[in-house]
S.K.: 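Sharing a structure here in structure tokens format.
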There are 2 protein chains.
Amino acid sequence: MKLTKISEIRRKELRQAAFEVLQQEGMAGATLEKVATHAGASKGIVLHYFRNKQDLFEQAMREANASLRDAVNARLNRARTPHERLEAIIEGNFEERFFRPSICHAWLSLCAEVPREPQLARIQKVIHARMRSNLMSALVHLLPRNECNAVALAITALIDGLWLRLGLQSEGLTREMALAQMKDYLTHRIPRTGD
Amino acid sequence: MKLTKISEIRRKELRQAAFEVLQQEGMAGATLEKVATHAGASKGIVLHYFRNKQDLFEQAMREANASLRDAVNARLNRARTPHERLEAIIEGNFEERFFRPSICHAWLSLCAEVPREPQLARIQKVIHARMRSNLMSALVHLLPRNECNAVALAITALIDGLWLRLGLQSEGLTREMALAQMKDYLTHRIPRTGD
DNA sequence: CATTTAACTGACCCATTGGTCAATATTTGA
DNA sequence: TCAAATATTGACCAATGGGTCAGTTAAATG
């Protein structure tokens with residue numbers, strides 16, 4: 001396959017560099033210069049491959065999202081029962097390689113721009129729609145129809161809230177605690193049918 | 001009382017102006033010039049009252065937090081039972097005047113800076129400690145000791161998650177829906193003792 | 001090999017912005 | 001009333017950073 005063209009390689013490197021710089025510097029501090037240096041290139045090349053700064057970080061967000069999506073999908077493919085599907089979604093969202101303060105910092109910086117950048121808002125919308133769709137596909141088999149929406153929203157909010165906590169107080173919230181939280185919610189909210 | 005000195009008035013005006021500009025412009029866009037103009041003053045005066053931009057926004061965050069704290073405390077003072085205390089905390093956190101997209105946008109911008117500004121991190125820590133303390137003072141009467149921590153964290157995460165949702169998708173989440181979510185969680189998680 | 005195309009660099013431009021400062025207006029209060 | 005303190009302004013500075021561009025190197029392709 002010819003997707004390994006040099007241009008695609010560079011683009012990917014730069015998207016990842018952008019996301020990594022974002023983790024430590026925030027949006028304002030994530031300079032084109034810093035991104036370039038971090039990727040071992042010059043500033044000029046960044047703007048050769050991306051229209052402008054917004055474009056770069058929009059694509060960086062896309063990439064980070066795709067990565068998370070793939071992790072969840074991989075688990076979903078292995079899931080057999082609705083319960084397992086729920087588990088897959090949740091554990092995918094708390095995988096070690098993602099559930100890290102610095103990653104959360106990058107997401108926070110991106111989310112903070114959403115209100116002023118329609119492109120980022122669009123991505124955010126997609127993310128939420130997918131989460132909701134995934135959750136519903138499991139919940140409809142576990143709950144009365146009229147409760148599914150509420151529970152899907154609650155699970156989403158819980159995940160987001162725990163991520164936020166991780167970002168705001170780096171110490172004090174481990175992956176295990178977060179997963180325990182989610183489990184606690186599910187056991188109290190979803191009737192147990194011969195799990 | 002001599003708290004009505006002109007300097008205190010100005011400071012308050014500028015803190016609020018800063019927070020309001022933050023709502024629409026984000027941290028990077030919230031220029032000293034814009035804040036000054038928004039308060040009907042000149043840029044010079046802002047730096048006359050605040051050491052620098054960080055100082056200004058740190059105090060803006062303090063003020064916004066104090067406002068929220070007061071709202072919750074007012075409700076807490078009226079609460080008689082543990083259930084009412086829980087209700088007070090939750091409804092205080094979703095009061096109409098606070099639970100607005102633009103307000104959430106400002107908070108998002110501040111939170112995104114937390115990882116790089118120890119001062120903001122300190123405030124964030126205080127906020128979380130207060131929330132936790134308030135919740136525990138009610139939960140210890142409603143749950144076995146060893147479950148209180150988990151439920152307090154879950155409630156906090158839920159509130160944060162719902163706020164985040166409001167900020168990321170301005171339409172589609174009303175105050176009533178958010179409150180219904182919280183109530184749904186409580187009814188399923190906390191045993192009902194002759195409420 | 002030669003020529004077209006793409007990758008890449010570094011210098012440059014210009015607008016923005018945080019911050020300083022000297023000068024002016026206003027208030028205070030003795 | 002008058003001086004000391006405080007409030008307020010606007011000009012100015014230095015730095016930064018996004019974006020453009022002309023030109024150079026390297027790759028591809030026929």
Side-chain angles (χ1 to χ4, degrees), chain A residues 1-61 109-110 112-113 116-120, chain B residues 1-61 109-110 112-113 116-120:
Chain A
M1 63 170 65
K2 219 33 182 327
L3 287 181
T4 333
K5 266 190 314 198
I6 186 92
S7 71
E8 285 312 314
I9 293 178
R10 280 288 167 284
R11 263 184 253 268
K12 181 157 202 165
E13 286 173 351
L14 291 172
R15 270 173 295 183
Q16 287 176 345
F19 193 80
E20 280 160 26
V21 172
L22 205 55
Q23 294 177 29
Q24 299 154 11
E25 310 280 0
M27 187 59 79
T31 282
L32 292 181
E33 185 78 47
K34 280 183 194 156
V35 171
T37 303
H38 191 80
S42 71
K43 185 172 74 164
I45 206 63
V46 178
L47 289 149
H48 175 66
Y49 286 116
F50 299 88
R51 267 198 303 281
N52 49 37
K53 191 182 179 181
Q54 292 167 17
D55 185 29
L56 170 62
F57 284 97
E58 175 195 330
Q59 303 220 28
M61 189 183 191
S109 295
L110 289 168
E113 296 304 312
R116 283 165 302 279
E117 299 225 20
Q119 291 302 318
L120 300 191
Chain B
M1 62 170 65
K2 219 42 183 320
L3 288 181
T4 333
K5 268 190 311 197
I6 187 92
S7 70
E8 284 312 314
I9 294 178
R10 278 290 166 284
R11 262 184 253 268
K12 181 156 203 163
E13 284 174 353
L14 291 172
R15 270 173 296 184
Q16 288 177 345
F19 193 80
E20 280 160 25
V21 172
L22 205 54
Q23 294 177 29
Q24 300 156 9
E25 310 280 0
M27 186 59 79
T31 282
L32 292 182
E33 185 78 48
K34 280 183 194 154
V35 171
T37 303
H38 192 79
S42 71
K43 184 173 74 165
I45 207 63
V46 178
L47 289 149
H48 175 66
Y49 286 116
F50 300 88
R51 268 197 302 280
N52 49 38
K53 191 182 179 181
Q54 291 169 16
D55 186 28
L56 171 62
F57 283 98
E58 175 195 330
Q59 303 219 28
M61 189 182 191
S109 295
L110 290 167
E113 296 304 311
R116 283 164 303 278
E117 298 225 20
Q119 292 302 317
L120 299 191

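Chain identifiers are assigned alphabetically (A, B, ...) following the order of the sequence lines, protein sequences preceding nucleic acid strands; residue numbering begins at 1 within each chain.
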S.K.: Could you state the CD1-P distance from A:Ile9 to C:dA6, rounded to the nearest angstrom?
M.R.: 17 Å
S.K.: If you round to the nearest 0.5 Å, how far is CD of B:Glu113 from CE of A:Met27?
M.R.: 10.5 Å
S.K.: Return the set of residues passing salt bridge (Lys or Arg N to Asp or Glu O under 4.0 Å) with B:Glu117 (not counting sequence neighbours), or none when no residue passes.
M.R.: none
S.K.: Do B:Lys43 and D:dG10 share a donor-acceptor pair, side chain to base, under 3.5 Å?
M.R.: no
S.K.: Which value, rounded to the nearest 0.5 Å, describes the distance between B:Arg11 atom CZ and B:Leu56 atom CG?
M.R.: 11.5 Å
S.K.: As an exercise, state the distance from CD of A:Glu8 to CD of A:Glu13, rounded to the nearest 0.5 Å.
M.R.: 11.5 Å
S.K.: Enumerate the residues from residues 45-55 of chain A whose closest heavy atom to DNA chain C is under 4.0 Å, giving them by residue number; use none for an empty result.
M.R.: A:Ile45, A:His48, A:Tyr49
S.K.: If every non-hydrogen atom of B:Ala18 is compared with every non-hydrogen atom of B:Ala60, which pair is closest and at what distance?
M.R.: CB-CB, 4.1 Å
S.K.: Is there a side-chain polar atom (N or O) of A:Ser42 under 4.0 Å from OP1 or OP2 of C:dC8?
M.R.: no
S.K.: Hey, what do you get for NZ (A:Lys43) to CD (A:Glu33), rounding to the nearest 0.5 Å?
M.R.: 6.0 Å
S.K.: Hey, which of these two, B:Ala41 or A:Leu32, hits DNA chain D nearer its 5' end, going by closest nucleotide?
M.R.: B:Ala41
S.K.: Once you round it to whole Å, what is the distance between P of D:dT6 and CD of B:Glu8?
M.R.: 13 Å
